[in-house]
Structures are given as structure tokens and as C-alpha cells.
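The structure under discussion appears below in the form of C-alpha cells.
Just so you know, ligand 1 is whichever comes first in the structure, and atom 1 is the first atom listed for that ligand. Numbers here are sequence positions counted from 1.
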Amino acid sequence: MTTQDFIGKENFTIHTQTVTESCPSNIALIKYWGKYAGQIPANPSISYTLNHCKTNTSMEFTANEPFSVRTFLAGNEEVKFAEKIEKYFRNIEQYLPWILKGKYIIRTENTFPHSSGIASSASGFGAIAKCLMALDASFTEKTSEEESLRKASFLARLGSGSACRSLYNGLVVWGKTDEVAESSDLFGVQYPDAEIHEVFKNFNDWVLLIHEGQKSVSSTVGHGLMNTNPYAERRFREARENFVPMKEILKNGDMESFIKLVEHEALTLHAMMMMSDPAFILMKTGTLEVINKIWDFRRETGLPLFFTLDAGANVHLLFPCNGSEEQMKAFIEAELLQHTQKNGVVKDVMRF
Ligand code: PMV
């Protein structure tokens, strides 16, 4: 499929309407870091969609009014966010030709703490794209659910790249790779269920909130710094190559190799930040302390507790729901929680 396939039809009938949608966040296992014009990823990525960390959004559209956007986050008006959404809507007009023909009031709420550093742009843009497609469904000719979801993923990508993976449950791939049929740079696709070993279908993700608040470098700036990073091409190639073992691991349930690959991907993401010019570090002391404790714990117990990182200081603790969870949970509570700012942990699960 090409961008042309998503151009919107000119025959539509608009009317005033409010739609409400919800979309979860996701956490990448093979990371996307670096992009080309038009939100095209420099390498393919794969993520787990979370279950509890969600954004709930209602979109009130008043037809035939001058185009304007107001946004409210947890009841508080957010002018900066409204400006961002306004720009985004103008940018996607060719895909939804009715989009500038009315005014919007968008109310959005996250089920996770706002300042937690959990990627709210993924769930946020996912929910907005779903709302837009719900409006589109009532203004234009009916399309299939599959097509509508794909277009929501396509539109979410144009808001925030990784958001396109949040439209689907379970394991989701974004970015063209020969290892995954139907994969595309333009939208996310579900990783084939038949190719996933049972051990990967029921997983905990406990997010340790090491540092709450604004990040020192936004992901937009971080992606941009890959343009001049001397290691970028090697990194893009590595991410592409990592799909080969990942595919094998997902099929045969090799937990040890999974842990090694996922932790390597997380550390590589942060290594890229350190090798950017200017260099930046998003990990905090607590991040490193937690990582070292996880490695010690694994050496001592052999239990499959491991981590991944987003573009921030928080640590996503991954461990399968496998019957020996109690010991891992007790260790987290006793040893790792102390490295968070306010005993902050968001307990999520990936189940599909
Ligand atoms: O979607 P963005 O622009 O916020 O970038 C997200 C990048 C990472 O979260 C670091 C990795 C990923 O693949 O989600």
C-alpha cells in the first residue's frame, strides 16, 4: 500500500457529533529511534501493547463552524496541546477532507499519572486517530473495520510515530521488514498470532517511575539527532537484523535469548543518545541502580525478570505470568521500589 491509498474521498456529509474512544500505550522491544521525512521510520520496530495504561478521549465536533481546536487534559485546558493538534489536523487534511470544516473540543484523560513519563503521545494520538475515524465513518461511505483500523494507525503515525503500534493488541510491528509479511513503514500490523509462543502471550510490565516530570530532551529532538550520529546507519542495520533472531525467539519461546535481545535494544537506544552531538542522558542514578539489581537477582535466582527502557528514566520491568511471579514481585517491592521518586509503580499486563 502507498500513501495514495489513504487519500480521503471528497463526497462526505458532515454533521455535529461527539465520539469517544480509548487507546492503550505500548512499549517497544525492538526500538524505533531515527526517522525520515513524513514520519517514515529508519528501521522496523516491534512492541507490546499495554492493557491498563490508556488514554480516553472524547471529541466534540461542531459542523460548519470556523476551524478551531480546544483541548482539555484531565479537565484542564491545554493551549499548547491544542496548537499541536490544530497543526496536526491541517497536516492530515488530504486524508480526511472534511477535517477543517468545523470546531473541536477534545477532552482527554490518561489512566496513568500524567507526569509519569509513560508514553502518553502513543495512546493520546492513537485515541485521537480513532475518534477521527469514528467521525469519518459517519460522514462518508462505510469501509470495513480492518480498513478503518489501518487508516487510524496511518493517521496516528503522522501524530507520533510509535502511536501507530497502539491501534492493535499484543505484539505489533511498524516498519517494512522481510521478516514480517504485510509490514509497512506507513502503519502498524499485528504480529501473526500463530508465530508467537504461549510464554510471550501473558506478560507483566511494571513501570517503575524513577523520575516524574518533563524529560530534558524530547523524543522529536532525539530522533533528529540521529541524522548526524556517526553510529546511526549501523544502528538502523542492527535493528533490522534483530528481527531475524526475534522472529525465531518468539516462535520457539527461548526466554533467555529474548531477555538478552530486549535488554540489548534498550541499552542501545540510550547508547545512541550518549553518542549524539550534543550528547544527552535520560537515565538517572535510580535507572542504573535498578538495572544492576535486576542483573544480580537474575544471576542469583535464574528467574526471568528483565527490563526495557523508553526514551526516559523509567524502567519497564518485564516478567512472564508463570507461577514463579511471587518471588519476583516480592523482590521488586523490597529492592527496586526504593529507587522510584514516590514509591511510584504502574502495574500493567500484556495479555492476548
Ligand atoms: O513515537 P515517538 O516519536 O515518541 O518515539 C518513540 C521512540 C521510543 O519510544 C524510544 C521507541 C519506540 O519504538 O517506541
Heavy atoms only: which of Asn43, Leu269, Leu309 lies closest to atom 10 (C) of ligand 1? Leu269
Can you check whether Tyr32 has an N/O within less than 3.5 Å of an N/O in ligand 1? yes
Could you tell me whether the side chain of Asp205 reaches within less than 4.5 Å of the side chain of Leu317, counting heavy atoms only? no
Quick check on contacts: which atoms of ligand 1 are under 4.0 angstrom from a heavy atom of His223? 2 (P), 3 (O), 5 (O)
With sequence neighbours excluded, what pairs up with Asp296 under the salt bridge (Lys or Arg N to Asp or Glu O under 4.0 Å) test? Arg299
List in chain and number order the residues that pass salt bridge (Lys or Arg N to Asp or Glu O under 4.0 Å) with Lys260, two or more places apart in sequence or in another chain; answer none if no residue qualifies. none
Which atoms from ligand 1 have a heavy atom of Asp310 less than 4.0 Å away? 9 (O)
Rounded to the nearest 0.5 Å, the CZ atom of Arg234 sits from the OG1 atom of Thr268 at a distance of 10.0 Å
Does the side chain of Val173 reach to within under 4.5 Å of the side chain of Ser184, using non-hydrogen atoms? no
Taking heavy atoms and a distance under 4.0 Å, where does Ser219 meet ligand 1: side chain, backbone, both or neither? side chain
Among Arg157, Arg165, Lys31, whose heavy atom sits nearest atom 12 (C) of ligand 1? Arg165
State yes or no: are the ring centers of Tyr32 and Trp174 separated by less than 6.0 Å? yes
Check whether Phe154 forms a cation-pi arrangement with Arg157 (NZ or CZ under 6.0 Å from the six-membered ring centre, at most 45° off the ring normal). yes
Which ligand 1 atoms, with their elements, are less than 4.0 angstrom from a heavy-atom of Ala28? 12 (C), 13 (O), 14 (O)
Decide whether an N or O pair under 3.5 Å exists between Ser160 and ligand 1. yes
Quick check on Lys35 - does any of its heavy atoms sit under 4.0 Å from an atom of ligand 1? no
Can you list the atoms of ligand 1 that are under 4.0 Å from a heavy atom of Gly161? 1 (O)
